[in-house]
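Everything below concerns the one structure shown next.
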4 protein chains.
Amino acid sequence: MERAPLKERAAQILASAETLFGERGYDGVSVRDVADAAGVKKAAVFYYFEGKEDLLERVLERYYTAHREALTSAFEAKGPLRARLHGVIDAYLGFMAENHAYARLVQGLMAQGPAWHGHLQRNLEPLLRWTEEALAEVAPDRGPLAARHFFLTLSGAVINTFTYAPVLAPMWGSDPMSADGLAERREHLHFVTDALMDRLEPRDG
Amino acid sequence: MERAPLKERAAQILASAETLFGERGYDGVSVRDVADAAGVKKAAVFYYFEGKEDLLERVLERYYTAHREALTSAFEAKGPLRARLHGVIDAYLGFMAENHAYARLVQGLMAQGPAWHGHLQRNLEPLLRWTEEALAEVAPDRGPLAARHFFLTLSGAVINTFTYAPVLAPMWGSDPMSADGLAERREHLHFVTDALMDRLEPRDG
Amino acid sequence: MERAPLKERAAQILASAETLFGERGYDGVSVRDVADAAGVKKAAVFYYFEGKEDLLERVLERYYTAHREALTSAFEAKGPLRARLHGVIDAYLGFMAENHAYARLVQGLMAQGPAWHGHLQRNLEPLLRWTEEALAEVAPDRGPLAARHFFLTLSGAVINTFTYAPVLAPMWGSDPMSADGLAERREHLHFVTDALMDRLEPRDG
Amino acid sequence: MERAPLKERAAQILASAETLFGERGYDGVSVRDVADAAGVKKAAVFYYFEGKEDLLERVLERYYTAHREALTSAFEAKGPLRARLHGVIDAYLGFMAENHAYARLVQGLMAQGPAWHGHLQRNLEPLLRWTEEALAEVAPDRGPLAARHFFLTLSGAVINTFTYAPVLAPMWGSDPMSADGLAERREHLHFVTDALMDRLEPRDG
DNA sequence: GATGAATGAGTATTCATTCAT
DNA sequence: TATGAATGAATACTCATTCAT
């Protein structure tokens with residue numbers, strides 16, 4: 001299953017694809033665009049990759065791996081639940097901060113119809129499972145307080161920081177994705193988490 | 001600036017565009033697709049609209065109007081803050097439930113680069129302003145507890161219910177967009193709102 | 001099942017395709033070649049036809065129809081068997097003489113693998129059936145003297161006149177496809193037919 | 001002019017080219033296809049051969065040689081004319097049976113325009129000359145009973161057995177290229193030869 | 001002796017858009 | 001009020017061939 005390390009040229013192409021797909025969406029980017037951005041000829045893209053779709057798949061693969069790695073240690077940390085949840089949110093927010101393009105690319109693919117849903121689902125599943133395990137002690141299996149709802153609510157609160165940043169910035173008068181903006185957002189999300197925990201396990205407040 | 005009411009033919013075209021753009025994204029739909037779905041000739045689309053972009057603009061315009069109308073009365077309602085917030089969330093959720101395509105279309109456009117950002121921003125702005133007014137009494141102007149953060153968090157929690165539903169359904173074993181799913185989601189969001197209010201105005205709990 | 005008469009432009013394109021496919025084979029001709037030869041823009045070819053393959057299918061359809069029409073009256077003629085066979089050979093030869101490209105196009109497709117075999121078979125089948133009926137009185141159902149063998153032998157003798165003409169001409173010192181050449185070939189084929197009939201029904205000689 | 005004996009690697013490539021060209025035609029086969037089938041790298045094909053065209057030339061050369069060798073002894077055999085003709089037909093049929101691909105490859109090239117005509121002619125010429133010599137005693141030099149007509153008729157009857165086999169098989173309910181099919185075809189062709197000889201030299205019947 | 005890397009030229013096809021009628 | 005015809009520009013992809021190593 002392990003893939004041989006990509007050659008420099010291929011890495012360059014992949015990096016360009018990553019950036020462009022993130023900026024303009026899969027459909028908004030042509031193979032020529034990717035080649036130009038990478039400083040290679042168009043045919044070279046087809047030499048190193050099987051096609052445009054393969055290119056996207058590799059970009060996603062890399063994201064998935066990085067994403068999971070970024071969250072693993074946070075999920076596996078020990079300590080009181082609240083601190084662990086804060087840690088996960090920080091890790092999530094931090095990963096997204098370093099991978100601006102990710103959130104938007106994925107949202108774009110979701111909006112493109114079912115073709116990529118299976119792909120995205122496979123990436124999301126472990127995160128959901130982790131959340132469910134982590135919250136098992138305070139949240140029931142089913143109903144409106146089930147872990148899955150908190151997963152959806154909190155991951156949405158993290159992700160949308162990035163997907164909506166470009167349209168919020170002018171309204172906020174500051175960029176939610178800037179260092180300051182993210183620090184503030186982080187505090188907000190901690191507040192939200194604590195508020196939810198207060199209600200779920202009142203004694204612990 | 002007012003435009004004569006659209007003829008039946010045009011309305012048919014617009015409706016098809018709305019559905020298709022929502023299902024497959026702007027780029028994933030051709031003018032021919034829209035024409036076919038509407039049962040008209042391709043050239044008719046250009047007769048009634050200025051082009052594909054115009055078509056999208058009209059679709060968005062309609063959404064904006066409907067969206068705002070759906071939320072206005074909820075925002076203007078009187079009564080205790082919590083009840084009003086619940087009302088807004090119910091209205092938001094209800095509107096989205098009836099306009100499946102909206103959330104995905106907008107997400108798709110966000111991912112397509114800055115071209116449509118201004119457009120989307122104009123729609124979002126009033127919602128943000130309303131939220132800020134509504135929360136003025138409990139939330140400060142700036143910082144991590146500012147109204148705008150709650151707006152982002154809660155609107156994300158609503159919207160993502162719809163954008164992620166297709167990939168969550170298999171994992172949940174049930175469809176978050178079904179009647180049952182939405183009722184449960186509604187309860188969850190009320191819980192979240194209450195939890196946040198508890199922390200913001202502890203006495204009121 | 002009837003097809004509306006093709007517009008002038010489409011007819012022009014089809015005619016060019018017919019000629020070029022016959023001259024250089026399906027793979028040897030690009031859509032651009034066809035468009036140029038027809039004096040239209042490349043995109044016009046796609047406006048009138050669904051694609052290159054469709055173009056070939058239409059060309060073949062026309063041939064099939066013309067081919068069958070050319071032979072029908074000959075097959076349905078009354079009179080002694082030998083005369084009727086001569087008539088069929090004359091009709092076959094005449095049709096091919098007017099449709100130089102046909103034989104070569106079909107041979108080229110046969111050599112391209114199974115993709116077109118079904119297509120070609122559907123055209124050949126009626127000819128084989130007719131031959132079997134015509135020879136029913138003198139040829140057995142099975143074995144080396146079955147009608148199908150005579151069909152294969154004689155149709156080969158006709159068709160190869162055209163497929164091999166370009167390489168035979170220099171060796172013969174004259175063109176087998178010229179008027180004189182064809183007249184001579186016709187006499188030869190009559191001789192062959194008579195020889196075969198002599199053996200099949202000796203009394204009739 | 002003599003070329004050093006091809007290395008094993010080259011032979012492998014040539015064999016693959018032969019098979020593939022025969023199956024899908026020259027244009028339908030890419031250098032990569034040949035390399036893959038031979039289990040070598042694509043660049044190796046260009047190392048051992050000058051290019052795709054050279055590859056085809058070598059394949060044809062081999063066929064020519066094999067073809068001529070297969071027929072030489074039959075042509076040089078002694079004995080009565082009819083027996084010698086039967087022998088040639090048997091040899092021709094036998095060679096084709098072992099070289100399925102040959103007939104179709106050559107037909108495909110004929111259909112590809114004049115580029116390969118000269119090539120093919122050089123191969124055909126000796127066969128025609130031999131036939132003319134063999135039939136010199138019974139057939140005139142010119143006119144519809146000239147040897148060259150019998151050559152065209154009989155070689156067509158042999159070759160078409162193979163080129164049309166794939167489309168005839170379903171109609172015949174049996175494969176003309178199977179052992180049984182070929183045995184039957186052989187008998188048929190002997191019958192045809194005898195019929196022709198009967199007419200050419202009636203006394204000898 | 002052999003090949004990985006690279007590419008120029010070409011291929012079929014799509015599509016938003018224009019326009020004469 | 002429509003629309004059939006037409007097209008320029010772009011798109012993803014293929015492939016024979018070259019060449020430095």
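Predicted model, so just to flag it, every value in this text is computed and none were measured. The sequence lines fix the lettering, A, B, ..., with proteins before strands; numbering per chain opens at 1.
Distance check, rounded to the nearest 0.5 Å: CG of B:L55 to OG of B:S16 gives 9.5 Å. In this structure, the separation between NZ on B:K52 and CZ on B:F46 is 9.5 Å, given to the nearest 0.5 Å.
Base-pair partner of E:dT17: F:dA6 (Watson-Crick or G-U wobble, both distances under 3.5 Å).
When rounded to the nearest whole Å, the span between CG of B:D36 and P of E:dT14 equals 14 Å. Between the CZ atom of C:F49 and the P atom of F:dA5 there is a distance of 12 Å, given to the nearest Å. Distance A:Q12 CD to E:dA5 C1': 16 Å, rounded to the nearest Å. The CD atom of A:E8 sits 19 Å away from the P atom of E:dG4 (whole-angstrom rounding). Rounded to whole angstrom, the span from the OH atom of B:Y48 across to the P atom of E:dA16 amounts to 20 Å. Per the geometry, CD belonging to B:E57 stands 16 Å off P belonging to E:dA16, to the nearest Å. The CG-P distance, from C:D54 to E:dT14, rounds to 12 Å in whole Å. One can place CG of B:L55 at 15 Å from C1' of E:dC15, the figure rounded to the nearest angstrom.
Taking a cutoff of 4.0 Å between a charged side-chain nitrogen and a carboxylate oxygen, D:D33 and D:R24 qualify as a salt bridge.
In this pair, A:Y63 and A:Y102 present their aromatic rings parallel. The plane angle is below 30°, not in the 30 to 60° band.
Between the base of F:dT17 and the side chain of D:K52 there is no donor-acceptor pair shorter than 3.5 Å. For D:K42 and F:dT17, a side-chain-to-base donor-acceptor distance below 3.5 Å is present, hydrogens and geometry of angles not being considered.
At the phosphate of F:dA2, neither OP1 nor OP2 sits under 4.0 Å from any side-chain N or O atom of B:Y47. Residue B:R9 places at least one side-chain N or O under 4.0 Å from the OP1 or OP2 atom of F:dT3.
When each of A:D27 and D:D33 is assigned the nucleotide of DNA chain F with its nearest heavy atom, A:D27 is the one assigned upstream, toward the 5' end. Positionally, the nearest nucleotide of DNA chain F for B:V40 lies more toward the 5' end than for the other of D:S30 and B:V40.
Applying the side-chain hydrogen bond (donor to acceptor under 3.5 Å, both in side chains) test between C:R62 and each of C:E57, C:H67, C:E18 identifies C:E18 as the sole match.
Of the listed nucleotides (E:dG4, E:dA16, F:dG4), E:dG4 has the atom at the smallest distance from the side chain of D:A43. For C:K41, whose side chain is taken as the heavy atoms from C-beta onward, the closest listed nucleotide among F:dT7, E:dT3, E:dA12 is F:dT7. Considering only side-chain atoms of A:F46, the nucleotide from F:dT7, F:dA12, E:dA12 that sits closest is F:dA12.
C:V45 comes within 4.0 angstrom of nothing in the nucleic acid, heavy atoms only. As judged by a 4.0 angstrom heavy-atom cut-off over every strand, A:V29 is placed among residues touching the sugar-phosphate backbone only.
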